[in-house]
Protein chains: 2
Amino acid sequence: MSTEATPHIPGLSIASVERETGLSKDTLRVWERRYGFPTPERDANSERLYAPDQVQRLTQIKRLMDRGHRPGKLLALDDAALVALDAARPSVLAASNVPQLDSWMHLVKTHDSEAFQRQFYREMAKRGLAGFVQDIVAPLITLVGEAWSRNELGIFEEHLFSQHLEKMFRTVLANMSPQQGSPRVLLTTLSGEEHTMGLLMVEALMVVEDVCPVLLGPQTPIEEIVRAAQLKQVDAVCLSFSSAYSPTLSAQGLRDLRQMLPAGIELWAGGYGVKAIRKPIDGVCLMPEFKDLYDCLAKWRTEHGHEPVSASVISLPVTPK
Amino acid sequence: MSTEATPHIPGLSIASVERETGLSKDTLRVWERRYGFPTPERDANSERLYAPDQVQRLTQIKRLMDRGHRPGKLLALDDAALVALDAARPSVLAASNVPQLDSWMHLVKTHDSEAFQRQFYREMAKRGLAGFVQDIVAPLITLVGEAWSRNELGIFEEHLFSQHLEKMFRTVLANMSPQQGSPRVLLTTLSGEEHTMGLLMVEALMVVEDVCPVLLGPQTPIEEIVRAAQLKQVDAVCLSFSSAYSPTLSAQGLRDLRQMLPAGIELWAGGYGVKAIRKPIDGVCLMPEFKDLYDCLAKWRTEHGHEPVSASVISLPVTPK
DNA sequence: TCAATACTTTGTCCAAGACAAACATGAGCA
DNA sequence: TGCTCATGTTTGTCTTGGACAAAGTATTGA
């Protein structure tokens, strides 16, 4: 047993920190140069080694940035000020209109699966599927994410919560067989965006509106999205972006896809990640809020003459098997 | 309508190519320097612009690399040789005992969703759930994976296939409510193993056998697996490993987990990835084949005297919320 | 046939500089 | 007060070329 003063906390490599915080290697290096933070040690090969507490501070800063704060200000603050900012959270859910969410969070923390299930279906029956998704599920996902990043929740609880949600969505959606309806919309995410829950929520909202969603799951390369859109003869492609996905990358990806997608097929983008995109993109419909989806739909329907679905379906050439 | 000779295909930025191919920016730059490929144009700001066909070639190279080929060789080859390499591929399922699988593959390739669904449920009714999973689903997943790596199948088809499978499993499982039963088994994968389908297959087999599975989804860190196992009071933890997961990592992970898991909780491991583990691991039950699951179960049941669950449940201290 | 050695390949990291897009600020005007 | 336009600042990403260790391959020796 050595009694060395430094208890040898090795620290994380720059790649690990990128994974943990979501800040790119370039950003980490340029912050160090410009603001003097973080201040990683170096290993034998003079590569950066970040101390765990600095990584935690970086995560905190990233979270505040996602809320709209600017790095220049944040990096000048001390720990106390950061914590203060964190606590006074005009979080996305500032004035939650559903005080009930606390009791939901309690169910998540105590991982009471059965109570959870019951509560889900009860609430869904009360509010209707669309209201349930918008007022309960979406805020709850945000809350769970925040609680996790504040270390109030383990990965286990988070995973179990996701599984319950997924099970519920798939059960509900399976019984609504959206084989027809219009428009036909392809649902997926770009490579690098793994979050599926946004897609399931959108699918639920669409099914209620008599849209015909084609769920493709996450992480489809743009080339394949184009191919899928053509083969499945959809009217629109709808992408989902979580807050973890870099706004620059999402904008870039949307431009790339818009360029390759036939002009007749619309391109919609939803999810928290879209809120960070300020400038509109030509030919892309940004839907930062759920309600924007309805606007998009209404617009499409008026533009394409909203005569009964059956007529247009029959008039379309059906591809033989 | 312009009749310009160059239809102005600007190409993709290095960030987009990273997203599409999965090759890091650093790698893309160093390949250009070392091997003279790719050869991107430059935009006004002298930043790289990759032509679409070069991006396609890069994805092809990446696919072959995932199969074990080395970049130095691949980058020296011409297009014809690459395609040839693509085709040459021995199948694991040499003598398929179900000739019918070809017709299944045809359905995958033509992405005929409705025929697919019908076929699923028909076959399930014929063979029973367990037989269906073992004789149809599992081989089919392998075939689809192989066809993809041989470039006979797009990502689109592969994703759609997965979505159908997932939908089917979740629908079937939802209606079998495995709230009780014994043993209680926690289902998950280690961090880095993203494949969920193995877990769903195992869950299906277990439900039929009156086991009570607790599905946690993929990628749970070891520490959290231990916590989950204790909080959910399971009798065993069952991990799934796909063939993509490194055998060294799986063996290491299993040893680590076995060490941290209370002795009373068993540890089982299944999936193609397990076949590559030669040496048995102390205290871990390896199940390279589906039938081994039944052996494991039988063994547990005789060892724990298969008296009704109720007795042991009542005698256990229930944690208050 | 297997294990230890030396050699080659390959991805990631580093430095400091450059620049455009996003953001903030202030002026001019209804 | 509320709006738009011009100017200045902040900030992330891209650039080059060099370096090195981890992983893979080949060679040697038991």
Side-chain angles (χ1 to χ4, degrees), chain A residues 10-19 21-50 58 61-62 64-77 192 245-256 274-282 286, chain B residues 11-19 21-38 40-50 58 61-62 64-77 246-249 278:
Chain A
L12 303 179
S13 72
I14 195 170
S16 306
V17 177
E18 175 180 44
R19 188 169 37 77
T21 63
L23 299 163
S24 79
K25 298 192 221 319
D26 274 324
T27 303
L28 287 168
R29 282 193 277 255
V30 90
W31 279 9
E32 187 181 334
R33 207 195 311 167
R34 283 191 192 141
Y35 310 110
F37 185 88
T39 54
E41 302 290 312
R42 299 302 180 113
D43 69 0
N45 193 29
S46 79
E47 297 187 352
R48 291 174 173 77
L49 277 184
Y50 293 84
L58 287 170
I61 288 173
K62 177 66 178 1
L64 288 166
M65 277 175 57
D66 289 341
R67 248 189 244 170
H69 295 274
R70 303 202 65 184
K73 310 279 178 186
L74 293 173
L75 285 159
L77 296 175
Y245 205 75
S246 141
T248 320
L249 286 183
S250 15
Q252 173 84 270
L254 285 168
R255 275 191 298 269
D256 291 343
V274 173
K275 290 190 182 166
I277 303 179
R278 308 298 167 129
K279 220 171 50 177
I281 304 173
D282 245 26
L286 299 178
Chain B
L12 301 180
S13 73
I14 195 170
S16 301
V17 177
E18 176 181 43
R19 186 198 59 219
T21 62
L23 298 164
S24 79
K25 299 192 226 303
D26 275 324
T27 302
L28 287 168
R29 283 192 277 255
V30 91
W31 279 10
E32 187 181 334
R33 204 192 319 163
R34 282 191 193 141
Y35 310 110
F37 185 88
E41 302 290 311
R42 298 302 177 113
D43 68 2
N45 193 30
S46 81
E47 297 187 351
R48 290 173 175 78
L49 276 185
Y50 293 84
L58 286 170
I61 289 173
K62 178 67 178 356
L64 288 166
M65 278 175 56
D66 290 343
R67 220 192 262 180
H69 295 276
R70 304 202 65 183
K73 311 278 179 187
L74 294 173
L75 284 158
L77 296 176
S246 138
T248 323
L249 279 182
R278 309 299 169 124

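Every chain is numbered from 1, with letters handed out A, B, ... down the list of sequences. Treat the numbers as computed from the prediction; the structure is a model and nothing was measured.
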Asks: Given D:dC14, D:dT16, D:dT11, which nucleotide is nearest the side-chain atoms of B:Arg42?
Replies: D:dT16
Asks: Closest nucleotide of DNA chain C for A:Arg278 versus for A:Arg48: which of these residues is on the 5' side?
Replies: A:Arg48
Asks: Does A:Glu18 have any salt bridge (Lys or Arg N to Asp or Glu O under 4.0 Å) partners at least two apart in sequence or in another chain, and if so, which?
Replies: A:Lys25
Asks: Between the protein and nucleotides 19-24 of chain D, list every N/O to N/O distance that falls short of 3.5 Å.
Replies:
from, atom 1, to, atom 2, distance (Å)
D:dG24, O3', B:Arg70, NH1, 3.3

Asks: Applying a 4.0 Å non-hydrogen cut-off, can you work out what A:Ser13 is touching in the nucleic acid: base, sugar-phosphate, or nothing?
Replies: nothing
Asks: What is the distance, to the nearest angstrom, from the NE2 atom on A:His69 to the P atom on D:dT10?
Replies: 18 Å
Asks: In whole Å, what is the span from the CD1 atom of A:Ile61 to the P atom of D:dT10?
Replies: 17 Å
Asks: Could you check B:Trp31 against A:Lys279 and say which one's nearest nucleotide on DNA chain C is further toward the 5' end?
Replies: B:Trp31
Asks: May I ask you to evaluate whether B:Lys25 reaches the phosphate of D:dT13, defined as a side-chain N or O under 4.0 Å from OP1 or OP2?
Replies: no
Asks: Quick one: CD1 on A:Ile277 to CD on A:Gln252, what's the gap to the nearest 0.5 Å?
Replies: 11.0 Å
Asks: From A:Ile281 CD1 over to A:Ser250 OG, what is the distance, rounded to the nearest 0.5 angstrom?
Replies: 8.0 Å
Asks: So, do A:Arg29 and A:Ile14 sit near enough that their side-chain heavy atoms are less than 4.5 Å apart?
Replies: yes
Asks: List in chain and number order the residues that pass side-chain hydrogen bond (donor to acceptor under 3.5 Å, both in side chains) with A:Ser16, two or more places apart in sequence or in another chain; answer none if no residue qualifies.
Replies: A:Ser13
Asks: Applying salt bridge (Lys or Arg N to Asp or Glu O under 4.0 Å) as the test, list every pair that has at least one member in residues 64-75 of chain B; sequence neighbours left out.
Replies: B:Lys62-B:Asp66, B:Arg67-B:Asp86
Asks: Does A:Ser246 put a side-chain nitrogen or oxygen below 4.0 Å from OP1 or OP2 of D:dG12?
Replies: no
Asks: Using a 4.5 Å cut-off on heavy atoms from C-beta on, say whether the side chain of A:Asp256 contacts that of B:Arg19.
Replies: yes
Asks: Write down the distance between CG (B:Leu28) and P (D:dT16), rounded to a whole number of angstrom.
Replies: 13 Å
Asks: Could you please name the option among D:dT15, D:dG12, D:dT13 that lies closest to any side-chain atom of B:Ile14?
Replies: D:dT15
Asks: Going 5' to 3' along DNA chain C, which nucleotides are the first and last within contact of chain B (any atom under 4.0 Å from a heavy atom)?
Replies: C:dT9 to C:dA20
Asks: Output the distance between atom CG (A:Leu286) and atom NZ (A:Lys275), rounded to the nearest 0.5 Å.
Replies: 13.0 Å
Asks: Taking five pairs at each end, how big is the angle between the two axes of the helix from C:dT1-D:dA30 to C:dA30-D:dT1, to 10°?
Replies: 30°
Asks: Side-chain donor-acceptor pairs under 3.5 Å in residues 36-43 of chain A, sequence neighbours left out?
Replies:
from, atom 1, to, atom 2, distance (Å)
A:Thr39, OG1, A:Gln54, NE2, 2.8
A:Arg42, NH1, A:Ser46, O, 3.0
A:Asp43, OD1, A:Asn45, N, 2.9
A:Asp43, OD1, A:Ser46, N, 3.1
A:Asp43, OD1, A:Glu47, N, 2.8

Asks: Among B:Thr21, B:Leu74, B:Leu23, exactly one meets side-chain contact (heavy atoms from CB on, under 4.5 Å) together with B:Ile61. Which residue is that?
Replies: B:Leu74
